[in-house]
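Have a look at the structure below, then the notes.
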Amino acid sequence: MAAVLDISPREAEVLEQVRAHLSNAEIAARLCISVRTVESHVSSLLRKLEVPDRRALAQRAPEPVGAGPSRPAPVLPAPLTSFIGRVSERALLVEMLKEHRQVTAVGPGGVGKTRLALAVAAEAAGEYADGVWFVDLVPVTDAGMVAAAVAGALGLGEQPGHGMTESVVAALADRHALLVLDNCEQAVDGVALFLERLLATCPRVTVLATSRARLMVPFERVYPVPPLSLAVDGESDAVALFMERATAVGRPLDPPLFDHIAEICERLDGMALAIELAAARYPTLGLDGITTALSHPLRMLTGGSRAEDRHRSVRAALDWSHALLEPADRALLRQVSVFVAPFTAAAAAAVSGSEEGLVADGLARLAEQSLLVVTACPSGTGYRALETIRQYGKERLTEAGELVETRSRHLRWCLAEAADLAVVGADWRARFDAVADDLRAALAWAADQPEQRADARRLARYLAELTFTRHLVSESQGRYEQAAALADDPATTASMLRHAAAVAGCRMRGDDMYRLHLAAAEAARRAGDTAVAACDLATIATNAYRFAGKFARKLPSEETGALIAQARELAGEDPAAQAAVALAEAARELNDAIGAAHGQPDDSVPEKIARAERAVELTHRAGDPLAESAALDVLTGALSWAGDAFAAAATARRRIALLSSTPNTPAATHELIEALGEAAEAGLGTGDLPGARRWARQLADHPLLAEVGHRAMSWLLVADALAGDVDQVLTGSVRFLDAWRRAGSPPRSALGPAVAAVAMIHGLRDDHDARREWGTVLDQFGTTPEHAYGYGAIFDAMLLLHHGQAQEALERMASEAGEVWKWVTWIWLHWYVALRAEATVLAGSPDARARLADARTVTAGNPVASAIVERAEALLDNDQERLLATADVFDAAGCRYQSARTLVLAGGDHAARGAAALADLGLAPMALN
């Protein structure tokens, strides 16, 4: 590598984040750039630093500054040796990729499929504007993990509410890219299902796959990879490969030896791996020795199925190389074949049961014989076997009768590694990523061994916890369910199912929450713990009300009522079960009240609040902070429904304080994410903009939401827009829009306030094109009552008032707050009332005085809303001193836009200062009525 590399400052920043093992979406969120920009930088860095993948890239430090590329470079492994020949094969495959969207290069292990695919991909890269991406499926032991492997190669994390396949499809939906899937025989069924979905929804993506067998999908175009060409017109790719590899190990060959080498290559059937292994032996055996050594294995392996699929020559070469090893090195080769990822000498020693120093010497000898490849690991020098050699080693392990013993040691090593990873440190991600595939492989084996059931359950739970910490939430849910299935007692089964349900909540999968809690209740009943079963049943009903938007199937009231009745019957005198039932009943009553027809809250308001308060009290007594958090959520909803914004905000803050000291479990994470959003909303509703922005920022920065920036950024965009922090809105909106589109542009009405807020900011900037773009997004959510009478009215009114259209603003908020209380109660009430009062004054309405008096009463205690009302009254009274005083109030409340607006309304020299302040914010000048 050159001493000075052409790496830009932004690429250096991206590289630092890759070193922390962040996904592309997480990097985009941290650097406030789009995911596509991150992908381009990562592609460029892989090329410039000449490393094969993100794992290797993570170990490289930033280099001096330079300029970046204009388009993505191929994201392909960098071959350690030159590629020889295959001119016609490359040309044919390149043409096939132009005509067909899915081509599978098929052939036996060792024929050279991977190297051919890499050469073809590099040659064709210029045809794909969004780059070429390589995915090695060797570590994939579960067909369901194919999409996760592709996501990892693309730098994608998981989007809650979407599976990995959905996340990949959304990321590639509009991309013109080539995806290289290597070693598909590891999970043929999973690859086939993944490709059907990918190619159906990503019309500009082409796939080049390598496999030992066809994928058997209707759109597949198969290319059988032939062996290397033997002597044709005095030329031979096979001979050229032998001579080049022999020269590389220090013994150049003379051209007169061509015929002898050609004979060897012919006996090896032109198989690339066999030829490379033979060439590696040339310095010690010479051509005569190689010829002699090959004779015996070839006679032993004549005929049979392996000869039919051309494995004969590969096995011959491997048998020959194996026979030349010392007995200890043979044993080591077969023992390390259980590793699916690069491993260290210490790991190999643990699995072989030998001293580390002796193992290190043995690994070095195996690498010298080209049976292992030296690679970089986070903890030092690592080793890996090519897949064909690894499969050979596993066969030898079985033949030696050592499979169970070696697998068992590998399982114990994985359990120790997993236990060590339970303590999260600075380098945790890199250490987890280095061993994750081995943990999965060990679990896949142990789960099928009755005598290993207990250890398999332990490893499944470890992996569930670790993948949740790594934000691989769909895998985490599956691992918890696997641990439940492996448990020997129903109480443990129930516990694992509850954890799985909590992860499902983080994934926005309400129906899974229902299924898993129902199964947990049944397991608790089998364990004889009816009180715990009652808690599970009551939790199902509570979740149906609290998280209705996460359910694909809305639970009928009769069904939730039956669940509560069952829970009540099973609860007995148990405090926790009684608290769970009380919480479910409070949630049901509040839901019924909120879902009632338009109109003011009825006379049962105190009763609804009392029920929620009772649930809070009971859950607190039961000593369950997460249940208490759920009860506080219901109480917050009851208070906001009643119009008591300040009590609701205080309850939301109380909930945050409660959760701040709870252990970091899936259930606690689920509660915290919901609580942060609620606290941010509560702060907006009471005019606590600094608090709202603080909670919203925590939500935006939560690592579990890194892949769903539209959800993460939603309330922060609203808070920043109301404060007038234009730069933050413009930056955050990039992340929001990029993530929303990658998620498939879901028409979620809950995102409406954020979209309307961004549209308003563009309107204040007089950026009409951008406002139209965001208006188009908003239109996809439909015209909801919340938009008509809540956030939509508020943001429209602010924009109209900025442009001096007070009468139009008043017409936009024509409805009395009491007439639309359901949509302006909670966070919008004070804003609606205050802005309506200001519009009344600026429009010269005769009832302005009365409206100001009413507004003053409603907004009392809200620093921003009450200052808007005070400013309007000062304008009505022509009281310059009172008017200017509100500017200081707005500044203290963190509302820079309203402060600048006050100065403009004050006129004279103050107006010039105000105009300058608006310009500093990046906004267009105000128009006066």
Side-chain angles (χ1 to χ4, degrees), residues 138-142 186 322 325-367 371-375 377-387 389-422 431-466 479 482-483 486:
V138 165
V140 176
T141 55
D142 180 347
Q186 295 292 115
H322 184 265
L325 296 174
E326 294 296 324
D329 291 346
R330 294 181 201 168
L332 183 59
L333 179 64
R334 61 180 180 260
Q335 287 161 346
V336 299
S337 68
V338 298
F339 288 102
V340 297
F343 55 89
T344 62
V351 170
S352 66
S354 302
E355 181 185 337
E356 184 175 342
L358 296 176
V359 169
D361 287 342
L363 294 174
R365 288 192 294 273
L366 292 174
L371 293 170
L372 293 179
V373 176
V374 179
T375 186
C377 283
S379 54
T381 302
Y383 301 86
R384 68 175 178 86
L386 296 176
E387 180 60 13
I389 295 174
R390 193 174 75 84
Q391 293 296 334
Y392 177 85
K394 287 173 64 178
E395 290 181 12
R396 284 292 187 173
L397 195 62
T398 303
E399 292 169 3
E402 301 171 352
L403 179 63
V404 172
E405 181 183 357
T406 305
R407 281 287 197 186
S408 297
R409 284 197 294 263
H410 181 248
L411 175 61
R412 290 195 293 273
W413 175 79
C414 286
L415 284 167
E417 290 292 308
D420 186 52
L421 284 166
R431 290 192 297 118
F432 171 79
D433 289 348
V435 300
D437 289 327
D438 273 297
L439 301 186
R440 294 172 180 127
L443 177 56
W445 173 79
D448 290 334
Q449 309 299 314
E451 67 277 7
Q452 303 288 353
R453 189 179 183 89
D455 281 344
R457 180 190 58 75
R458 288 176 57 210
L459 185 54
R461 177 163 189 172
Y462 273 133
L463 201 48
E465 294 168 347
L466 295 171
R479 298 303 180 188
Q482 187 177 19
L486 290 167

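Two residues are said to be in side-chain contact when any heavy atoms from C-beta on lie closer than 4.5 Å; L358 and E355 meet this criterion. No side-chain heavy atom of R334 sits under 4.5 Å from any side-chain heavy atom of K394. At a threshold of 4.5 Å between non-hydrogen side-chain atoms, the residues L363 and V374 do not count as touching. Proximity of L463 to R440: side-chain heavy atoms (C-beta onward) are separated by under 4.5 Å at one or more points. The shortest side-chain heavy-atom distance between L366 and L325 falls under the 4.5 Å cut-off.
Note on R412 versus D455: no salt bridge recorded, every NZ/NE/NH1/NH2 to OD/OE distance being 4.0 Å or above. For the pair R461 and E465, the salt-bridge criterion is met [side-chain N within less than 4.0 Å of a carboxylate O].
Evaluation of the ring pair (Phe, Tyr, Trp, His ring centres under 6.0 Å) test over residues 435-463, restricted to residues two or more places apart or in two chains, returns none.
Rounding to the nearest 0.5 angstrom, the gap separating the CG atom in L443 from the CG atom in L411 is 8.5 Å. A distance of 7.5 Å separates CD1 of I389 from CG of L372, quoted to the nearest 0.5 Å. Between L332 atom CG and E326 atom CD the span is 13.0 Å, to the nearest 0.5 Å. In this structure, CD in Q452 is found 11.0 Å from CZ in R458, a value given to the nearest 0.5 Å. How far OH of Y392 is from CG of L371: 9.0 Å, rounded to the nearest 0.5 Å. Within the model, atoms CZ of F432 and CG of D420 stand 13.5 Å from one another, a figure rounded to the nearest 0.5 Å.
In this structure, the salt bridge (charged side-chain N to carboxylate O under 4.0 Å, His left out) partners of E399, at least two apart in sequence or on a different chain, are R396.
Looking at R407, its side chain never comes within 3.5 Å of a backbone N or O of A442 through a donor-acceptor pair. Between the side chain of R479 and the main chain of A464, no donor-acceptor pair closer than 3.5 Å is present.
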(request) Kindly determine whether Q391 and E387 satisfy side-chain hydrogen bond (donor to acceptor under 3.5 Å, both in side chains), including the steps that lead there. (result) CA-CA 6 Å; Q391 293 296 334; E387 180 60 13; 2.5 Å; yes
(message) Applying side chain to side chain contact (heavy atoms under 4.5 Å, CB included) to F343 and V336, what does each step give before you reach the verdict?
(response) CA-CA 9 Å; F343 55 89; V336 299; 3.6 Å; yes
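Of all non-hydrogen atoms in H322 and R330, the two that sit nearest each other are O-NE, 3.2 Å. Nearest heavy atom pair, residue V359 against residue S354, reads CG2-CB, 3.7 Å. S337 approaches L397 most closely through the heavy-atom pair OG-CD2, 4.2 Å. Between L439 and L459, the shortest heavy-atom contact is O-CD2, 3.6 Å. Listed here is the closest heavy atom pair of Q482 and A447: NE2-CB, 4.0 Å. Nearest heavy atoms, V138 versus V340: CG1-O, 4.5 Å.
W413 has its ring centre less than 6.0 Å from the ring centre of F339.
For E451, the CD atom counts as densely surrounded, since its 6.0 Å shell holds more than 12 non-hydrogen atoms of other residues, nucleotides or ligands.
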